[in-house]
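Notes follow once the structure below has been shown.
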Amino acid sequence: MPSDAVPRVFSILSGCSRKYGKGWKNLLYQMGRCWGFTFSSLVALWLVSCPGFVSLAKAEESSSQSKPSPRRSTSEATSEGKPKTSSSKAKKKDAKKKRRSLLQRYESQLITAALKVTGLKRDPEPYGKTIEKIVIVRENIVASIDPWPSWFNIIHAKTRESVIRQELLLREGQNWNQRKVEESERNLRSLSILATVRSLACLSKDPDKVIWLVVTKDVWSLKISTDFQLVGTVLRTLGLFPVETNFLGRNKQLGLEFGFSELDLNEFIVRNQWTIGQFYYDLRLAGTRLRLLEWFRIFLDGANFCAGAIGDTVDVWCPTTSPGGFRGIYAQLSLDRPLYSLSSKWGFAVGVELNIRETRVFRQNSPDQEPPPGERRGVSLSTVQLEHPDGRVRAVPRVYERNEIQIFGSLTRSFGYKTKHDFILGAGAYRFHYEPPSNFPFDDTTRRAFESEVLPRSESAAYVSLTYRLRPTEFRRFRNVSRYGLTEDFSMGANFQARISGALDLIRTSQQFLTFSASFSYRWIMGGNILTFATDGSARWQPRSNEVGLRGPWSNLQWTARLRETTPLLGIGRIHAQGYVVLRAWNIDRSFSTLGSEQGLRGYLNGQFIGENLFRVNIEYRTLPLVFWTLHVGMVVFYDGGGVWGGSDPNQPSQELPFVFRQSVGLGLRILFPQFSKSMLRFDIGFPITDQPGPFANWLLLSFDQAF
């Protein structure tokens, strides 16, 4: 690290302090505004130049991306065929020690332990050999290499060997097939019950045979899973799922659900709804390839606000039930047979889904600024301002009745192996109906405006569809890209899908329409860079739409594009960057994009900005994890920027929504316990670069997984 780097940082901070005063809030804000990029650059410079980390990171990169040649002779010591010197061996040994002491390649340690237990040795030449036997080593949640007490294993049912075997695509007596070996690993890694899956070929006493060693490690399954979003002093959502995700070790999920939304931590009151439910998910129904999902929820009222305004008269709408009153239900039942391997030819899916409840949209307003008409400071029901002929603006709460039911079915036929071509025939019917609440306190003029400009569009239709899908079959394995310490599979090459659907309106039978959609993505590996481009588009064609007051014949045009880059290791981490754009035209379904804390603009309120079109850019420098025993901890430096625009302002439909680009910079912390979860805990603090940064508490975000 440069000797004058630290004095420079203190000089910058003291300069900001002298210039902008001693107020902590103003100081932090101006630091983010004036020195955000400088601070990020200095941190990145320190990370890259920190002694001992550069060589360590390079060693980790080469180990995660290298592909040892399966036909390489064991006598070859180097790529040039020359024997290694004692000096190179010493350097390699030192690098290996550093790598183990600081980054601890967790999966490699499990393989080493499995080889020791079984007494097996790697076979560098398995090709063309027959699989003599399959040896499965199943590690419990706390393995012999873990520092945690083994009594955790007493209350955990370890995954049964039969569950592991049924996902393997090769059997004893078959020839070694590297593609099916890797595909089997991917199938197992997709299971939520396993934290780690690795396999390798081992030597047999018969030189014409090979032993397939499969090493798995369970993740904690008897737990209360959580799903939450904490933004500032508002817990936007919290779901608690007491669940056994590996019931009796058979990979079946059985659990309950308890949750709520919009918990105001200042008053500790749930402002929206409570959720109570149960679910059952069977990935191998009766030992077959069928999957069954059953899910049921009921919704109960929280302590809802009154809201809305007519001119100077406020709080004109109030909820119809008291806290704890019944508010709605959700139910889902589906059965499907997936394409579980590249050689699978047939698949199908059938299901039904029901969602009936009162929907409310909330917003977080700044406590030190005047809220919009009909709203409150802090947590509030969101309102939309509608003009009226009498000259008094109506602020209408975004509250409406949702009544959705749909049934669906599909049949899939897949062709090819090296290149997959899937044809999917689908059919179904749906009824989507939305209306203002029964105690809507506004006149008919306002009601019609609310229905036409704010509510989702009601529609009932039956449809048939045909889909063509081209899938890549080449995958590459990486570590420490989005997850810490665990292997990740990235599909390579092109992925394309096109769909056409013909529908008949069940209410107005004279109305028929077609919908079109297509998507394309491509991923490259170039010099260690992972570059991904993805785009998709959709449109609707309804030739007689003018008869029902809709714009036509074309409508609901939408195009999205995403470009994402992940660099090789730079210092002790990688740079992740993405650009994302959404464009809409003739938007009869009134669909919008949101931008805020959980939507890629950290430092602002969740869903603070709403518009038809969206542009967003995110850049992060994510360090590799430091491992303390088995706790994986990493840091992030980030920049977020974006804006929404186009069409009517969702809060004031009579006005056009202009484009305003907003930015933030910040720091983040990532934490993972691989024994207990695959998902990492994410804590971010974003410094908004704006003239009205809002309270400091709103800059904080606590959630799960990476931001993008």
Side-chain angles (χ1 to χ4, degrees), residues 9 12-13 15-16 19-20 23-45 229 231-232 363-366 368-369 560-567 575-583 592-622 635-646 649-651 657-669 682-703 706-708:
V9 172
I12 289 171
L13 296 182
C16 280
K19 183 175 181 180
Y20 296 109
W24 66 270
K25 179 178 173 182
N26 192 39
L27 173 60
L28 285 175
Y29 159 58
Q30 296 296 349
M31 282 169 54
R33 181 179 177 89
C34 298
W35 300 110
F37 290 104
T38 303
F39 178 71
S40 303
S41 301
L42 287 173
V43 172
L45 176 64
Q229 292 181 10
V231 181
R363 175 159 49 202
Q364 290 175 255
N365 292 315
S366 177
D368 54 2
Q369 297 176 11
T560 69
R562 184 193 305 268
L563 183 64
R564 177 166 180 173
E565 158 73 357
T566 301
T567 69
I575 295 177
H576 297 253
Q578 76 163 0
Y580 182 56
V581 62
V582 180
L583 301 177
F592 296 96
S593 298
T594 57
L595 193 61
S597 184
E598 193 65 16
Q599 298 86 29
L601 191 60
R602 287 160 286 188
Y604 294 84
L605 297 176
N606 200 50
Q608 183 172 351
F609 310 108
I610 306 174
E612 282 193 356
N613 305 318
L614 167 74
F615 173 73
R616 193 180 78 212
V617 59
N618 306 97
I619 304 173
E620 288 188 348
Y621 181 84
R622 302 175 188 168
M635 296 292 294
V636 167
V637 181
F638 65 82
Y639 165 80
D640 294 338
V644 293
W645 79 98
D649 187 330
N651 298 317
L657 183 66
F659 177 81
V660 178
F661 189 76
R662 296 174 173 89
Q663 308 171 76
S664 66
V665 295
L667 302 171
L669 180 69
R682 171 163 59 96
F683 175 74
D684 289 324
I685 174 171
F687 302 92
I689 306 175
T690 174
D691 293 332
Q692 296 177 338
F696 174 75
N698 293 339
W699 303 357
L700 307 177
L701 172 65
L702 185 63
S703 188
Q706 300 287 7
F708 65 94

Got [X] and [Y] here, is their nearest side-chain heavy-atom distance under 4.5 Å?
{"X": "Tyr639", "Y": "Val617", "result": "yes"}
{"X": "Gln578", "Y": "Arg616", "result": "yes"}
{"X": "Ile619", "Y": "Ile575", "result": "yes"}
{"X": "Gln608", "Y": "Gln364", "result": "no"}

Determine the minimum heavy-atom distance between [X] and [Y], stating which atoms define it.
{"X": "Tyr580", "Y": "Arg562", "answer": "CE1-NH2, 3.5 Å"}
{"X": "Gly600", "Y": "Asn618", "answer": "O-ND2, 2.9 Å"}
{"X": "Gly646", "Y": "Asn613", "answer": "CA-ND2, 3.7 Å"}
{"X": "Gly643", "Y": "Leu595", "answer": "N-CD2, 3.5 Å"}
{"X": "Phe638", "Y": "Ile685", "answer": "CZ-O, 3.5 Å"}

With a 3.5 Å distance limit and no angle check, can you tell me whether [X] reaches the backbone of [Y] through a side-chain donor-acceptor pair?
{"X": "Arg662", "Y": "Pro688", "result": "no"}
{"X": "Asp684", "Y": "Gly666", "result": "no"}
{"X": "Tyr604", "Y": "Gln663", "result": "yes"}

task: Run through Val644, Leu657, Ile610 and flag the one making a side chain to side chain contact (heavy atoms under 4.5 Å, CB included) with Phe592.
output: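 Considering Val644, Leu657, Ile610, a side chain to side chain contact (heavy atoms under 4.5 Å, CB included) with Phe592 is found only for Ile610.
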| said: So, using salt bridge (Lys or Arg N to Asp or Glu O under 4.0 Å) as the criterion, who are the partners of Glu620 when residues are at least two apart? | reply: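 Scan of Glu620 (salt bridge (Lys or Arg N to Asp or Glu O under 4.0 Å), adjacent residues dropped) gives Arg602, Arg622, Arg670.
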The criterion is ring pair (Phe, Tyr, Trp, His ring centres under 6.0 Å); which residues satisfy it with Phe615, sequence neighbours excluded?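 Expected list: none.
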